[in-house]
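Computed from a prediction, not measured in an experiment: that's the story for all the values here.
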Amino acid sequence: MRPPTVSNEVRLRLDIAYDGTEFAGWAAQAGQRTVAGVLDEALTTVFRAPVRLRAAGRTDAGVHASGQVAHADLPVVALPNAESRSPRAGEPEFLPLLRRLGRFLPADVRVLGIARAPSGFDARFSALRRHYRYRLSTAPYGVEPQQARYVTAWPRPLDLEAMTVASRDLLGLHDFAGFCRHRDNATTIRDLQRLEWSREGDVITAHVTADAFCWSMVRSLVGALLAVGEHRRPASWCRELLSATGRSSDFAAAPAHGLTLIGVDYPPDDQLAARNSVTRDLRTRG
């Protein structure tokens, strides 16, 4: 009998937060400061081996995250090089690495946690759903300085009841081509599971959840609903946009800085590989 195959690599899961203000988005781009570029460089230095992160959601320029998830595959032999000392009894395995990264990384990006990923885990393709939050302020003075990087000032009143009615029409499995910037060979069919609004004083928050989002989809949804909230469009208009075959030019996407990726859900460990396979199939059809 052949001995079991021993992998020469280990997959790590990383939980990440960042202020997107000074980043040109998540994805690495030549000549641009990006979240992935900064993290890949720091992790490569710490592990002394090339690292390339894969994220659950590739956020746009200016978009923030408090609950981003990514994975990286590293040679097993690289792991000891990351540790400045062995963890004490009861400490998480990668706590020393977290401390080192805290010194290497700039203040606007943090790795909140690192763990060995369970078998079948893929940060993007194993995900069940992503959760975003979009915040606006209708205060007459705008946004308090401490929140100005994360909340969009909106100078006109908004009718939340009309926005809520229009939001309900968008829930479910639809082709959201009218709300997505074009990307070659990418499907725009998504399952929008939550689109709700809440108000606390002058701050209005959109809570948005879907199995996945196409390029600029959340900001476009919010932008269209703001047109309804200002009574520039009827509530039924958003439903009509679902029949569009391309991104509508009838409204502007909401500004990036009000948007934050707040969480990603995954199935139980024994269902990760199956979810990975199903999602890859869905994303590569058409």
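One hydrophobic cluster holds both Val208 and Leu171 under the rule that ILVMFWY side chains link at heavy-atom gaps under 4.5 Å. In terms of hydrophobic clustering, with Ile, Leu, Val, Met, Phe, Trp and Tyr side chains grouped at heavy-atom distances under 4.5 Å, Val10 and Leu98 are assigned to a common cluster. The cluster map of Ile, Leu, Val, Met, Phe, Trp and Tyr, joined by side-chain heavy atoms under 4.5 Å apart, puts Leu95 and Leu112 in different clusters. A single hydrophobic cluster is seen to contain both Met163 and Leu259, as judged by linkage of ILVMFWY side chains at heavy-atom distances under 4.5 Å, directly or through other members. By the rule that hydrophobic residues join a cluster once side-chain heavy atoms approach within less than 4.5 Å of another member, Val203 and Leu226 end up as members of separate clusters.
A donor and an acceptor atom, one from each side chain of Thr59 and Tyr18, are located under 3.5 Å apart. Between the side chains of Glu230 and Trp154, at least one donor-acceptor pair of N or O atoms lies under 3.5 Å. Under 3.5 Å, the side chains of Ser137 and Asp202 contain no donor-acceptor pair of N or O atoms. Between the side chains of His257 and Thr21, no donor-acceptor pair of N or O atoms lies under 3.5 Å. Using modelled atom types, one finds a donor on one side chain and an acceptor on the other under 3.5 Å when comparing His131 with Asp265. Looking only at atom types and distance, the side chain of Arg168 has no donor-acceptor partner in the side chain of Thr164 under 3.5 Å away.
Shortest non-hydrogen contact noted between Ala28 and Thr34 is CA-OG1, 3.4 Å. Here the shortest heavy-atom pairing between Phe251 and Ser220 reads CE1-O, 3.1 Å.
With a 6.0 Å cutoff to the six-membered ring centre and a 45° limit on the axis angle, Arg239 does not count as a cation-pi contact of Trp237. Judged by the 6.0 Å distance and 45° axis criteria, Arg181 is positioned over the aromatic ring of Trp215.
Not a single ring pair (Phe, Tyr, Trp, His ring centres under 6.0 Å) links Phe23 to another residue, sequence neighbours left out. Under the salt bridge (charged side-chain N to carboxylate O under 4.0 Å, His left out) criterion, Asp269 pairs with no residue, sequence neighbours left out. In this structure, Tyr134 has no ring pair (Phe, Tyr, Trp, His ring centres under 6.0 Å) partners at least two apart in sequence or on a different chain. Taking the salt bridge (charged side-chain N to carboxylate O under 4.0 Å, His left out) definition, one finds that Asp73 meets it with Arg11, sequence neighbours left out.
One finds the CD atom of Glu196 at 11.5 Å from the CG atom of Leu160 (value rounded to the nearest 0.5 Å).
Of the charged side-chain nitrogens involved, none lies within less than 4.0 Å of a carboxylate oxygen, so that Asp122 and Arg54 do not count as a salt-bridged pair. The pair Asp250-Arg232 does not meet the salt-bridge criterion, since no charged nitrogen lies less than 4.0 angstrom from a carboxylate oxygen. Ion pair Arg116/Glu93 flagged as a salt bridge, since at least one NZ, NE, NH1 or NH2 atom sits closer than 4.0 Å to an Asp/Glu carboxylate oxygen.
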Run the side chain to side chain donor-acceptor pair (under 3.5 Å) check on Ser216 and Asp60 step by step: do they pass? CA-CA 7 Å; Ser216 293; Asp60 294 339; 3.3 Å; yes

Assess whether salt bridge (charged side-chain N to carboxylate O under 4.0 Å, His left out) is satisfied between Arg149 and Asp19, documenting all intermediate values. CA-CA 8 Å; Arg149 291 163 72 102; Asp19 177 334; 3.0 Å; yes

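Within the structure, every pair that satisfies the ring-ring contact (aromatic ring centres under 6.0 Å, His included) test and touches residues 51-76, not counting sequence neighbours, is listed here: His64-Tyr150. Each disulfide bond (SG atoms under 2.5 Å apart) pair with one or both residues in residues 129-218, not counting sequence neighbours, appears once here: Cys180-Cys214.
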